[in-house]
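Here the structure is laid out as C-alpha cells; the discussion comes afterwards.
Every chain is numbered from 1 and lettered A, B, ... according to where its sequence line falls, protein lines coming before strand lines.
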Number of protein chains: 2
Amino acid sequence: MLTDRQQAILNFINEYVDDNGFPPSVREIGRQFGVYPATVQDHISALERKGYLQKKRFQSRTLSIPASWRKGGIPIVGRVAAGLPLLAQENVQDVIHLPKDWAPPGAFLLKVRGNSMEGAHILDGDYVLVHPQQSASNGEIVVALIGEEATVKRFYRTDRGVTLKAENPKFDPIEIERSEAATLSIIGRVVGVLRVMKK
Amino acid sequence: MLTDRQQAILNFINEYVDDNGFPPSVREIGRQFGVYPATVQDHISALERKGYLQKKRFQSRTLSIPASWRKGGIPIVGRVAAGLPLLAQENVQDVIHLPKDWAPPGAFLLKVRGNSMEGAHILDGDYVLVHPQQSASNGEIVVALIGEEATVKRFYRTDRGVTLKAENPKFDPIEIERSEAATLSIIGRVVGVLRVMKK
DNA sequence: TCGTATACCGTACAAATGTTCGGTAGTCAA
DNA sequence: TTGACTACCGAACATTTGTACGGTATACGA
C-alpha cells in the first residue's frame with residue numbers, strides 16, 4: 001500500500017512526535033531526507049490521500065497520525081481469525097501506551113474468554129499482552145489458533161506432537177498429533193496481563 | 001504554585017494536544033481566552049520558568065508538556081509514604097495511557113510487593129490501577145496506609161472498627177480498632193491490574 | 001513605600017512555515 | 001504509446017506565527 005519512501009517518511013514523523021511531543025515541519029522532514037519542501041508536500045499529500053496522515057491547511061506543524069498507526073501504540077484487537085490480517089484497521093478497537101521496555105514492538109492486546117487459565121492468574125475478561133511469534137518454548141503461555149478458534153494455553157512439545165494445557169482442573173489438555181499439525185498455529189506468546197474491573 | 005490563569009492555560013494546552021495530536025499556537029490560545037498574543041507569551045514564559053512547559057524559540061507549535069503533567073497519562077508511582085504528596089515529580093517513574101473509560105481521572109499505578117493478594121489474582125510485582133478515594137465499601141480491594149507502610153488488602157467495616165483481609169491463607173487479617181483509626185488511611189480503591197512478565 | 005509578580009493592551013517586525021507552479025525523469029500497467 | 005503514479009527540483013509567494021517593545025493597572029509582602 002505504501003511505497004518505501006512514504007513509509008520512511010511516516011516513520012520519521014512518528015518518531016519525531018514520539019520524541020518531541022509535536023510533529024515536524026515540512027522543512028525539517030525535507031532536511032532529514034535531503035529534499036525540497038515541495039517534494040515533502042508530494043509525499044504528505046500521498047500519505048493524506050491514503051489515510052495515514054491528517055493535517056490542516058496553511059498551519060504549521062499540524063500533521064497528525066491516526067491512533068492506529070501511531071508509534072508505540074499497542075492496539076486492542078477484537079477477534080483473531082484464521083487468515084485475516086490481525087491488525088486490519090476495523091479490527092483495532094482502541095490503543096494503549098506502555099513504557100517502551102515493557103512491550104516489544106508489534107505487541108497487541110487480546111481479550112480473554114473463559115476461565116481456563118485461572119490457575120495462571122488470567123481471568124475471563126482480562127486482556128493479554130501478546131508478543132507475536134510463530135513458535136514457542138516448553139511451558140510458555142501462548143495464544144494459539146486451533147482451526148478457527150483462538151485460545152490461551154500453556155505450550156508443551158511432546159514426542160507425539162504438541163500439548164496445550166489449561167491451568168484449570170476443569171479443562172482437559174488439548175493434544176495435537178504431528179499429523180494434524182496444520183490445524184494449529186501459534187499467534188504469539190503472552191508477556192503480560194491487563195485487567196480492568198468494572199464498577 | 002500556579003495561578004488560576006496559568007492553570008487554565010495549561011489545561012487548555014493539555015486538552016488541545018489530547019484532541020489534536022499537536023499543540024496550539026500562541027494566537028489560538030489567545031483566541032480561547034480573549035487576549036492578545038503578547039499576553040499569552042507572558043503566561044507561557046511563567047509556565048516555562050516554573051517547569052510546566054517547554055518550547056523552542058522562534059518555532060511554531062513547539063510547546064510541549066513534560067510527561068508527568070500531561071493529560072490522560074496514568075503515572076507509575078514509586079513509593080506511597082505518609083504525608084508526602086503522592087504525585088511529586090520525583091516520585092513518578094513513568095506514565096502509561098489507557099482508553100478514557102478504563103481509568104478515572106486521577107488514577108495511578110502502584111507496584112505490589114508480596115503475595116498476600118494471590119487469591120484475588122494479584123501477584124508480587126504486579127501493578128495495581130488505583131482510583132484515589134478516602135473511604136471504601138465492604139469487600140472492595142483497597143490500597144491502605146498503615147502507619148508508614150502501604151498495603152493492598154480487601155476492606156471490611158466491622159462493629160469494632162476495620163478489618164483488612166489478605167487473600168492468602170498464609171496471612172492473618174489485620175484488625176484496626178476504632179480507637180486507633182488514626183493509624184489507618186485509605187489511599188484508594190483498586191480498579192485494575194497490570195502484569196508484565198519478564199523475559 | 002518600594003520592589004516584584006501578575007495580567008493585560010496594541011502595534012510592529014521578522015522568522016518560520018505551508019503552499020503553488022511549472023518542469024524533469026523513471027516505472028508500470030493498459 | 002499513452003496515462004497514472006511516484007519522486008524530485010527551484011524559485012517565489014502568502015500566511016501563520018513567535019517575538020519584542022512600551023505602556024497601564026492591580027495585588028502583595030518587605
Quiz prompt | Short side-chain N/O contact from A/Lys56 to OP1 or OP2 of C/dT17, under 4.0 Å | solution = no
Practice problem: Check every atom of C/dT6, C/dT20, C/dC8 against the side chain of B/Thr3 and return the nucleotide holding the closest atom. | Solution: C/dT6
Quiz item: Of the nucleotides C/dA7, C/dG18, D/dT6, which one has an atom closest to the side chain of B/His43?
Solution: C/dA7
Quiz item: Quick one: is A/Gln41 getting a side-chain N or O under 4.0 Å of the C/dT17 phosphate, OP1 or OP2?
Solution: no
Quiz item: What nucleic acid atoms does B/Gln59 come within less than 4.0 Å of, heavy atoms only: base, sugar-phosphate, or nothing?
Solution: sugar-phosphate
Exercise. Provide, to the nearest angstrom, the distance between the CZ atom belonging to B/Arg27 and the P atom belonging to D/dT19.
Key: 11 Å
Exercise. Look at the side chain of B/Val35 and decide which nucleotide, out of C/dC8, D/dT16, C/dT6, has an atom nearest to it.
Key: C/dC8
Exercise. Look at the side-chain N and O atoms of B/Tyr36 and state whether any lies under 4.0 Å from the OP1 or OP2 oxygen of C/dC9.
Key: no
Self-check item: Atom-pair distance (CZ on B/Arg61; P on D/dT15), nearest Å
Solution: 17 Å
Quiz item: Of all the nucleotides listed (D/dT17, D/dT6, C/dG10), which has the minimum atom distance to the side chain of B/Ser25?
Solution: D/dT17
Self-check item: N/O donor-acceptor pair, side chain B/Arg57 with base D/dG18, under 3.5 angstrom
Solution: no
Quiz item: Using a cut-off of 4.0 Å on non-hydrogen atoms, how would the nucleic acid contact of B/Gly34 be classed: base, sugar-phosphate, or nothing?
Solution: sugar-phosphate
Practice problem: Would you indicate whether B/Glu149, at its atom CD, is surrounded by more than 12 heavy atoms from other residues, nucleotides or ligands within a distance under 6.0 Å? | Solution: no
Exercise. Can you tell me the distance, in whole Å, between the CD1 atom of B/Ile9 and the P atom of C/dC8?
Key: 7 Å
Quiz item: Counting any heavy atom closer than 4.0 Å, what does B/Thr39 reach on the DNA or RNA strands: base, sugar-phosphate only, or nothing?
Solution: base
Quiz item: Contact class for A/Arg5 vs. all strands (heavy atom < 4.0 Å): base, sugar-phosphate, or nothing?
Solution: sugar-phosphate
Quiz item: A/Trp102 vs B/Tyr127 aromatic rings, parallel, tilted or perpendicular, using cut-offs 30° and 60°?
Solution: tilted
Practice problem: For A/Ala38 and for A/Ala46, find the nucleotide of DNA chain D with the closest heavy atom, then tell me which residue's nucleotide is more 5'. | Solution: A/Ala46
Self-check item: Whole-Å distance separating the CD atom of B/Gln6 from the P atom of C/dC8
Solution: 10 Å
Quiz prompt | Atom pair distance, as rounded to whole Å: CD1 in B/Ile29 and C1' in D/dT17 | solution = 12 Å
Quiz prompt | Rounded distance (Å) that lies between atom C1' of C/dT4 and atom CG of B/Asp42 | solution = 14 Å
Exercise. Give me the ring orientation class for A/Phe33 and A/Phe12: parallel if the planes are under 30° apart, tilted from 30 to 60°, perpendicular past 60°.
Key: perpendicular
Self-check item: Proximal nucleotide (of D/dC8, C/dT19, D/dG18) relative to the B/Ser60 side chain
Solution: D/dG18
Quiz item: When you look at CG of B/Asp4, are more than 12 heavy atoms from neighbouring residues, nucleotides or ligands closer to it than 6.0 Å?
Solution: no
Quiz prompt | A/Phe58, nearest nucleotide to its side chain (from D/dT19, D/dT6, C/dT19) | solution = C/dT19
Quiz item: Within a reach of under 6.0 Å around NZ of B/Lys100, are more than 12 heavy atoms found that belong to other residues, nucleotides or ligands?
Solution: no
Quiz prompt | Whole-Å distance separating the CD1 atom of A/Ile44 from the C1' atom of D/dT6 | solution = 16 Å
Quiz item: Over how many whole Å does the gap from A/Glu28 atom CD to C/dG18 atom C1' extend?
Solution: 13 Å
Self-check item: Minimum-distance nucleotide (side-chain atoms of A/Arg49 versus C/dG10, C/dT6, D/dT6)
Solution: D/dT6
Quiz item: B/Phe155 and B/Ser137: which non-hydrogen atoms are nearest, and at how many Å?
Solution: CD2-O, 3.6 Å
